[in-house]
Amino acid sequence: MAIDPVCGKEVDEAVVRATTGQTEGGANEVDPAQGTRRFHDGKWYYFDSVDCRFRFMANPAAFIK
Amino acid sequence: MEFAYTPAQRALQKEVQDFIAKEVTPEVEAEQDEIGRGPLVEAVYDKIKANGWRAISWPKQYGGQDGNRLDQYIVEEEFARVGFSVGGGGSGAPTILAGGNQEQKDKYIAKLISGEWSFCQGFTEPQGGADLAGLQCRAVKDGDDYIINGQKMYTTGAHRATHIYLMARTDPDSKRNAGISIFLIPMDTPGITVRPLWSIQNEPRAPRGTTYGENRTNETFFEDVRVPANCLLGEENNGWNLSAMGLNLDRVGASRYLISVRRDEDIVNWVKDPANADLAANIKDNPSARDRIAECWTEAQVCRLMTLRSMSIVEHEGKFTYEGSAEKVWAPEHGVKTTETIAALLGPYAQLLNGAEDAIESGLYAHNVMGAFQSGINHGSTQIMRDQVALRGLGLPRSR
């Protein structure tokens, strides 16, 4: 389990990344209701919601411990 | 400079208009409304392709006709009015043709202009918005391959595309627009994940004919995506120059003009339609309203002329620097002005969205207002475009 650095909730990385289907071009597709993630400074961070991610992006230093 | 079409071009225009009148039937339009591209729409696209209209101006060796860019524009313009995109090549193809090696041209161009393959753009990232120079997606050389990690935002069409045209940083120590490269990557490459992002046009669904009515865009994730070095377009770390050229080339065509001015045509046709006589009476007999519509329509012709100038430059292999950017400032801002004008003229009923009782034209004008604001942001915001005009067009110093 990852911890959303903004709201502190647990986020299951496997669920966020779980494939729910495929695009027409053959890429894996995921469920947008299951949180999201962010590649920042060479590392993936997991978030409970897009709102949390936007807050993180506005000031990453405030949330990275 | 001759602005009128030649007799041959007028004949081509008439041929396309007759084709549309015959082939784009109410049943085809109903399918467009319900599911977008179904079997009936695909059948029309097959006939368009059979007529050679997808690739008039592309080189013969890639399936085109070595024809005139203006002929291509005439075809694009007519089909765009009924919701068909027949430009051929789409995003990416002009840049591959201009900056790719022969192997890449042979591999991609014919399939792109035939519509068999298509690209989505992997440029924007969540933290940077339209500021492409701040991108963090990384591509690290590993033997004969690159390994890519990162995330792209607003990858419209990623759920349909066969390939992605990706900007990634190949020199991690570089700043801003240095150290960026472009990769051409199949979407079925392991490690690519697409996450839907539903737009403001999704609930309720924007009606057919809405400008920027796309109900879905995407985020696209790259996690240890391994691609061979021949996916690199042009030279390593030269992606910024390639993308600037490519974006300008992508902006050349009927679609940019029509996205912004189709609503001018819509409102004129709506006012003239006898079926709308009651609602339109206060507009067509009102001098102030007539003036505002005439003003918008006149500005729309400026959009058209700017588009034609850009195409003329490309056609004559002239130096293409700021013109596409200038067009990208004028046309979206004109679009915002027009949608606001129409909403004001039509009054409260024009605020109702698709599905609402008494909505005018299935909420078309209300959805257009939302789409018009979007057009000033995507594909390079009008602020960035102004900066490009100042820098590349006027030679002013770079802003700090």
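Just so we're on the same page: letters track the sequence lines, and every chain starts at 1.
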Locate the shortest heavy-atom distance separating [X] from [Y]; write the atom from each residue and the value.
X	Y	value
A27(A)	V194(B)	CB-CG2, 3.9 Å
Q136(B)	D41(A)	OE1-N, 3.3 Å
P196(B)	P32(A)	O-CB, 3.5 Å

Notebook entry, point to check: What distance separates E24(A) CD from D188(B) CG, expressed to the nearest 0.5 Å?
Noted result: 13.0 Å

Margin query: Distance check, rounded to the nearest 0.5 Å: E223(B) atom CD versus F39(A) atom CZ?
Written below: 9.0 Å

Next item on the list: In plain terms, say whether R53(A) and E219(B) are close enough for a salt bridge, that is, a side-chain N and a carboxylate O under 4.0 Å apart.
Entry: yes

Margin query: Quick test of your reading of the model: are R216(B) and E29(A) salt-bridged, counting only N-O distances below 4.0 Å?
Written below: yes

Crowded around [X] [atom1]? As in, over 12 foreign heavy atoms under 6.0 Å?
X	atom1	result
R205(B)	CZ	no
Q22(A)	CD	yes
I3(A)	CD1	yes
K105(B)	NZ	yes

Checklist line | Residue pair T193(B), R37(A): steps toward the side chain to side chain contact (heavy atoms under 4.5 Å, CB included) verdict | finding: CA-CA 12 Å; T193(B) 306; R37(A) 52 186 165 144; 3.8 Å; yes

[X] versus chain B, the contacting section by heavy-atom distance below 4.5 Å:
X	result
F54(A)	side chain
T36(A)	both
R17(A)	side chain

Checklist line | Top contributor to chain A contacts, counting heavy-atom pairs under 4.5 Å, from G150(B), P186(B), G191(B), A161(B) | finding: G150(B)

Margin query: Checking V16(A) against F221(B) for the side chain to side chain contact (heavy atoms under 4.5 Å, CB included) test, could you report, in this order, the C-alpha distance in whole Å, the side-chain angles of both residues, the deciding distance, and whether it holds?
Written below: CA-CA 12 Å; V16(A) 171; F221(B) 299 91; over 6 Å; no

Note to self: Would the distance check show the side chain of R195(B) and the main-chain N or O of G35(A) forming a donor-acceptor pair, the cut-off being under 3.5 Å?
What the structure shows: yes

